[in-house]
> 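Structure provided below as structure tokens; questions to follow.
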Amino acid sequence: MSDYNGSSVRILEGLEAVRVRPGMYIGSTNSRGLHHLVWEVVDNSIDEALAGYCTAINVWLKKDGSITVLDNGRGVPVDRHPDKLIATERILFTVLHAGGKFDNDTYKVSGGLHGVGASVVNALSSWLEVEVYRDGKLYRDRYEKGGNPTVDLVDGLLVPIADTDKRGTKVSFKPDDTIFETVEFKADIIKKRLRELSFLNKGLLLTFEDENTGEKVEYYEEEGIVGLVRELNKTKDILNDDVVYVTSKSNNIEVEIAFQYTNEFTETILSYCNNINTVEGGTHVSGFKTAFTRIINQYAREIGALKEKEDNFEGKDVRNGITAIVLVKHPNPQYEGQTKTKLGNSDARGAVDEVFSVESQKFFDRNIETLKSIIDNAMKALKLRKAEEKVRTNLLANSKLAGNGKLASASSKNPDEVELILVEGDSAGGSAKQGRDRSFQAILPLRGKVLNVEKKEVAKVISNTEIQSIINAIGCGFGEGYGDDFDIQKRKVKKVIILTDADVDGSHIRTLLLTFFHRYMPELIYEGLIYRGVPPLYKVTSGKEVRYCYSDRELEELKPKLKGKIEIQRYKGLGEMNPEQLWETTLNPQTRLLKQITIEDAVMADEITNVLMGDKVEPRRDFIYENALLAEIDL
Ligand code: 0RA
């Protein structure tokens, strides 16, 4: 081993702890955990950009399965670390939690599972190499098998290996395949994040190159989150051309808000803290909502749009059709919620409220037309809401919502036991009713295409019988976005399983259902209660033995293992299976394959629904072309 001082043994024990319990540091060892390694390394470069020293970050996927991240920042320090007495670079890559706070001026804003430190990436890699371009010199360090240094330090320091006029840091690593379930980096996932980062960090150039496919892409957003709002509204009809943008700092918290209205009936608010998508919202979002409602009500009274006796606008009136981004940079973020994506700091609420109040009033005072169109829009929403309230009351009074459609209930009433299985088609529904374990499985057959909720207003959505049956069977009510009538405590089921055919129609129905859940019962997704059932693709019979395969790969792996004559039947739909087969392959908890729906799946479903169902023809066509060959849409 190298010239490494006495603490090396303890250091490597730290990294060993990461290898023993990787989940504690990166969440999981599946594809998501794998990509966390990339986010960790990219985040370090992003921090350098946030500190104002880095303008470009390049990412390469290499043929050997490794990945390289290069930035043009100051370069990781290679001088003697004040406490540990060896090169700071070594410390950063081998000591847990040694990230950040090297110089107190650096505004380090990482958080959540991000910011666990470069040493965690090192611990989970079969090799990792660092190149530092700094002060005219190039330094190189290399680690193997989970962070063991292979380069000799001289007097505790790295020896430069060349002169250079470049500046920056290059980190390359290959994830350890004895730790991860998969070590295949997905270009799509990485590109999506880099694109998001380009919106969140205006003026930063991010490039991606895949050596396996030759693909090269650049992401750069002069306009930052304003560009993101435009992008999100690309397929929608908008009320005002301009995107409203306000920004300022309050209480050492930087706030940026951008929004624009569409003619949709729904609201889309994306929020971020320190470049992390706070999927569950939090204090920054509630600060924005409160301030926005208050200010629009104030103006509406001032200009006489709301008469004295009239109701105030509710929050959802003023946000009807809005696409908004709420972004904060917080020096010490605290995250809460199931997926640690809900911002908890109460000072963020106040900061957003203050910045938005002050800055938006400056804007509205100078842009009366925009203000008026927002108030008009809120007025329409208020009227619609009143009408919907009537419909809702009538529906409830006529107890139409009490209809259960074709639901075959389970005999158990225990919400921690019952599974609600939504089955495509009456014939598969019939088999499922016969084949299920009725003690805990409820079956609801869905006929035809589930209502496309995206385009319809609430009154229509809840008058749809299939939707009513689903709402009823789950028992939590429903709401738009957060809150409203929805109450997860009232749930009657512990799992909702979507079971559709493995074909285009099937994935379409699943997409529509996910869009519905995402829009009207998002907490079910956050809490991980929604699943998709995976029906088998093949039935393989050899002699008396019958086996089922759920993918082409599984089939290819099985074939050589079977002796004698084999017969392969490809299932076209669930309807082809008899009740016993359906039980064995798709319903029986011991043998079936279920995939939990993640929030990413639901967001993807929303995007697809938007594009496929939207009014605008062109993006739809482009989308279909772009994705025709992309079998990745695995909803
Ligand atoms: C600590 C202190 C300084 C820079 C960095 C870390 C740094 C880390 C990474 C990781 C990837 N790229 C990076 N670039 C910089 C500041 C050192 C100074 O004062 O010059």
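Every number for a ligand or one of its atoms is a count from 1 in the order of the listing. Please read all numbers here as calculations on a predicted model, not as lab measurements. Every heavy atom of this structure was used, including side-chain atoms; hydrogens, water molecules and symmetry mates were not.
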> Can you tell if the side chain of Y272 reaches within under 4.5 Å of the side chain of K329, non-hydrogen atoms only?
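No - every pair of side-chain heavy atoms lies 4.5 Å or more apart.
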> When you compare the side chains of N345 and N332, does any donor N or O come within less than 3.5 Å of an acceptor on the partner?
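Side-chain D/A pair, N345 to N332: absent.
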> Are the side chain of D177 and the backbone N or O of V183 linked by a donor-acceptor pair below 3.5 Å?
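No; zero donor-acceptor contacts below 3.5 Å.
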> Would R90 and D141 pass as an ion pair if we require N to O under 4.0 Å?
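Result for this pair is yes, salt bridge flagged.
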> Give the atom numbers and elements of ligand 1 that come within less than 4.0 Å of a heavy atom of R134.
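Checking each atom against R134, I get 17 (C), 18 (C), 20 (O).
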> Who gets closest to atom 11 (C) of ligand 1 by heavy atom: V130, D71, D135?
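Going through V130, D71, D135 one by one, D71 has the nearest heavy atom to atom 11 (C) of ligand 1.
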> Only heavy atoms count here, so choose which of R74, E40, E48 is nearest to atom 15 (C) of ligand 1.
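The option holding the nearest heavy atom is E48.
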> So for ligand 1, is N44 a polar contact partner (N or O within less than 3.5 Å, distance only)?
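No, N44 has no N/O under 3.5 Å of an N/O on ligand 1.
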